[in-house]
Peer 1: 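Before I ask anything, here is the structure I am working with.
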Amino acid sequence: MSYYALSFEPGDVEEPLTAEDIAAIAASDMVAIDTETTGLDYDSRILGISVAWRVPGAMHSAYLNLSHPLSLFSARIDDDIVADVMRAVFEPDRPVALLNAVFDIEKLSRWGHLELPIEYPYLYDAQILARWLMSFEKFQGVSMEKLVSRRLGGMPPWMSSMKKMRSKLGTLPAEKVSPYARADAEFTLMLVEDLMREGRLLYDDEVLDTMLERESRFLWLLTRIQRHGILLDLEEIHERSVRMTADMQELRAFLKQNGIHNPDSRDSVLKGLPMHIVAGLPQTDNGNYKIDSAALAGKGPVAEAVLRYRSLGKAVGTWLDGFRSKVASDGRLHPRFRAAGTVSGRLSCNEPNLQAVPLADRGAAFGSLMGIFKAAPGFSLLAADYEQAELRTCAAYAKSTAMANAFKNGEDIHSFAASLMWPDSEINYELRQLGKRCNYCTTYGGGYRALAENTGIPESEAKIVINTYRRAFPELVAAQNRAGDVWEQRGYITMWNGRRHYKSPNDGSYKAFNQVMQGDVAELVKDAMLSVDARFAEMGVGNIVLQIHDSIEVEVQTDAVEDVKAMMRKEMVAAAPLHIMNRTEPPITMDVGFENWYPEEDE
DNA sequence: CGATTAAGCGCC
DNA sequence: AAACGGCGCTTAATCG
């Protein structure tokens, strides 16, 4: 298969950008933009900006050298010309094509080339569009390379050497980087055109237009969240790091006495553990001994010391020293969000991943890490959580009157599940745990094996428990089957707002139900974030700083906390799709809980 | 040396 | 027939 044609060859002489070009950019039906930077972190600088645009019957592109090393062949471009180009690109009435839009928009705004608007112009992100209408096997993401090879037949051979240069971009003169940068912009343009063409075929126009409008506003919002960042309590982090590192040294010394010289190394641990313990360990799929926390739990003081060491090491490396090293020059942490980071429609977050910080004390050696966050003077950090969002969605989807009633009456949903499973028993802690695990297995698509793994009961008993749950909630089983059938037959499942998740051949149909639950909630939270953000724009009391799948974290003026809670509860409940929640009698209610991150609430 | 894989583990 | 879904980060080990 041949690749789509670029407008140039790598050896071509580059014409300087003219005023006519800038006018053509402004007039083009579609413009693509891509930035080349010195790195990925918040403080990395923009080396250059590439722009691709259409003129009748052809495509053009240019690379603006902002800060490449000086060379004889390529001059840096004046700031006012950059500003002219930016104005032409970000014409409010015409969409801009990008690939991973938030990254580029954030960089442009961070370095003063772009004011962050609320919603216009529309941003057409190739990665988002791809998620809407393509299927993805495991490890087959939405990188430029993957998308170009799947949609446009592949990249020209000369582009494959680009990869190696990525980290050294800042040392190269602009004329070396230009062909790759321009090709990135041109491919982005072609990808978006191609994906939009197919999107129009697959989706109802009205649905697609609504999705594009909403997603575009969301991308602008996400960029503002990223730019806002979050504050860390660096003294607290340092204290904890010192304390835990000292504990780790003690553990290291103890382990050394017991023949384990490097507890971070699997080989060393296996060498040091007593023979009879090693022999009893389960194995990984590759035939190696498992030495994870489940395998080593209760296997004696040496094994316990390894686990404790590992736990503290994770905390120091990832959340204490790891986070501290990522604080930007403005003193704040700016995690990067990827709007198309998951197949399910959730966000993903990295450098650092603030969506996976242990905020609750679950008995690990490091306890809770909530205390590492703080807010600006006069501000508080607040988390607003949808309570049981996925299970409520599940109940709505399955039209479960039983669950609807339980939620309406404010019952503990896990105890409720247990009481329906074992109507003649008093629901003690153990039975509630079983009900809880069954609820989770339902939304996660798990079976008896997963249940056994999670509860510690034998698989034979787990089978019985699962069947008890299925008998208690037959409507959930029916809904699961229905979702699987639809996925199988149509090739996709549809979220409540029309977004589709296309099935890949490798996906078992059992995944369908989970993907609807997860995807529906993802859409809900996005809408809620947009509503909350709009209210913040009016109130002027704070900002969204983070999203963790079913919760929205905000930094707000302390004296406005109660107002903000009321506002967020109202907006988040209102964001729930009523035509879904009203499917049962009584309707499924939605509830929001709050947690004070900073200052921390009293125990 | 950098890139990649495996194992382990944190979150929802 | 069987299947717990979705992520990112760290270290060690391995490979070119």
Side-chain angles (χ1 to χ4, degrees), chain A residues 136 138-139 141 163-164 166-168 262-270 283-296 306-307 309-319 321-323 325-326 335-338 340-360 362 364-366 368-369 383 385-391 394 437-455 459 462-463 466 480 483-484 501 506-519 521-522 525 546-551:
Chain A
F136 291 90
K138 228 177 172 68
F139 309 125
K163 266 191 158 180
K164 294 174 200 134
R166 273 254 161 242
S167 57
K168 299 195 184 84
N262 178 9
D264 285 320
S265 156
R266 300 177 37 81
D267 297 351
S268 179
V269 170
L270 282 168
Q283 298 191 351
T284 68
D285 292 341
N286 291 338
N288 302 315
Y289 286 116
K290 284 185 83 144
I291 52 167
D292 62 14
S293 54
L296 293 187
V306 169
L307 291 181
Y309 174 89
R310 206 184 272 161
S311 189
L312 293 173
K314 170 105 181 170
V316 172
T318 306
W319 302 301
D321 296 358
F323 275 19
S325 74
K326 292 185 168 63
R336 287 203 313 279
F337 293 96
R338 289 202 302 171
T342 70
V343 290
S344 63
R346 280 182 175 181
L347 298 182
S348 72
C349 174
N350 65 17
E351 285 200 31
N353 180 7
L354 286 192
Q355 292 179 323
V357 185
L359 299 171
R362 296 190 166 122
F366 48 72
S368 160
L369 287 157
D385 234 86
Y386 275 115
E387 290 184 346
Q388 305 294 348
E390 281 191 9
L391 212 49
C394 165
R437 295 310 330 180
C438 285
N439 277 338
Y440 278 128
C441 279
T442 302
T443 57
Y444 289 165
Y448 68 91
R449 264 195 61 221
L451 184 68
E453 176 94 8
N454 279 295
T455 54
E459 294 192 359
K463 272 186 192 167
I466 286 274
Q480 280 174 325
H501 175 170
N506 284 5
D507 288 330
S509 49
Y510 72 97
K511 285 186 184 177
F513 190 65
N514 164 259
Q515 287 304 298
V516 183
M517 300 302 101
Q518 203 176 115
V521 172
V525 177
L546 182 62
Q547 182 251 53
I548 314 183
H549 308 310
D550 60 1
S551 69

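Given the structure is predicted, the values throughout are model-derived calculations rather than measurements. Numbers restart at 1 for each chain; the letters A, B, ... are given by sequence-line order, proteins then strands.
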Peer 1: What is the distance from CG of A/Leu354 to P of B/dC11, rounded to the nearest Å?
Peer 2: 14 Å
Peer 1: What is the separation between atom CG on A/Leu451 and atom C1' on C/dA3, rounded to the nearest whole Å?
Peer 2: 14 Å
Peer 1: Using whole Å, report how far CG of A/Leu359 lies from C1' of B/dC9.
Peer 2: 15 Å
Peer 1: Report yes if at least one side-chain N or O of A/Arg362 is closer than 4.0 Å to OP1 or OP2 of B/dC12; otherwise report no.
Peer 2: yes
Peer 1: Does a side-chain N or O from A/Arg266 land closer than 4.0 Å to OP1 or OP2 of B/dG8, or not?
Peer 2: yes
Peer 1: With no angle test and no hydrogens, is the base of C/dC9 tied to the side chain of A/Asn350 by a donor-acceptor pair under 3.5 Å?
Peer 2: no
Peer 1: Quick check for you: among B/dC12, B/dC9, C/dC9, whose closest atom lies nearest to any side-chain atom of A/Asp550?
Peer 2: B/dC12
Peer 1: Check whether any side-chain nitrogen or oxygen of A/Ser265 sits under 4.0 Å from OP1 or OP2 of C/dA13, and answer yes or no.
Peer 2: yes
Peer 1: Would you tell me if any nitrogen or oxygen in the side chain of A/Lys326 comes within less than 4.0 Å of OP1 or OP2 on C/dC9?
Peer 2: no
Peer 1: Compare the minimum distances between each of B/dA7, B/dC12, B/dG10 and the side chain of A/Asn288, then state the nucleotide with the smallest one.
Peer 2: B/dA7
Peer 1: Does a side-chain N or O of A/Ser344 approach OP1 or OP2 of C/dG5 to a distance below 4.0 Å, or not?
Peer 2: no
Peer 1: Would you indicate, yes or no, if C/dG6 has its OP1 or OP2 atom less than 4.0 angstrom from a side-chain nitrogen or oxygen of A/Asn514?
Peer 2: no
Peer 1: May I have the distance from A/Tyr440 (atom OH) to B/dC12 (atom P), rounded to whole angstrom?
Peer 2: 9 Å
Peer 1: Is A/Arg310 near enough to C/dT10 that one of its side-chain N or O atoms lies under 4.0 angstrom from OP1 or OP2?
Peer 2: no
Peer 1: To the nearest angstrom, how far is A/Tyr386 atom OH from B/dC11 atom C1'?
Peer 2: 19 Å
Peer 1: Is A/Tyr510 stacked on the base of C/dA3, meaning ring centres closer than 5.5 Å and planes within 30 degrees of each other?
Peer 2: no
Peer 1: Below 4.0 angstrom from OP1 or OP2 of C/dC4, is there any side-chain N or O of A/Thr442?
Peer 2: no
Peer 1: Between C/dA1 atom C1' and A/Tyr448 atom OH, what is the distance in whole Å?
Peer 2: 9 Å
Peer 1: Which nucleotide in the set B/dG10, B/dA6, C/dG5 lies at the smallest distance from any side-chain heavy atom of A/Gln518?
Peer 2: C/dG5
Peer 1: A/Thr318 has a side chain; which of C/dC7, C/dT10, C/dG8 sits nearest to it?
Peer 2: C/dT10
Peer 1: On DNA chain C, does the nearest nucleotide to A/Asp267 precede the nearest nucleotide to A/Asp507 from the 5' side, or the other way round? Give the residue.
Peer 2: A/Asp507
Peer 1: Does B/dC11 have its OP1 or OP2 closer than 4.0 Å to a side-chain nitrogen or oxygen of A/Arg346?
Peer 2: no
Peer 1: Take atom CG of A/Asn262 and atom P of C/dT10, then tell me their distance rounded to the nearest Å.
Peer 2: 17 Å
Peer 1: Just the rounded figure in Å: distance from C1' of C/dG8 to CD of A/Gln547.
Peer 2: 15 Å
Peer 1: OP1 or OP2 of C/dC4 less than 4.0 angstrom from a side-chain nitrogen or oxygen of A/Arg449, does that happen here?
Peer 2: yes
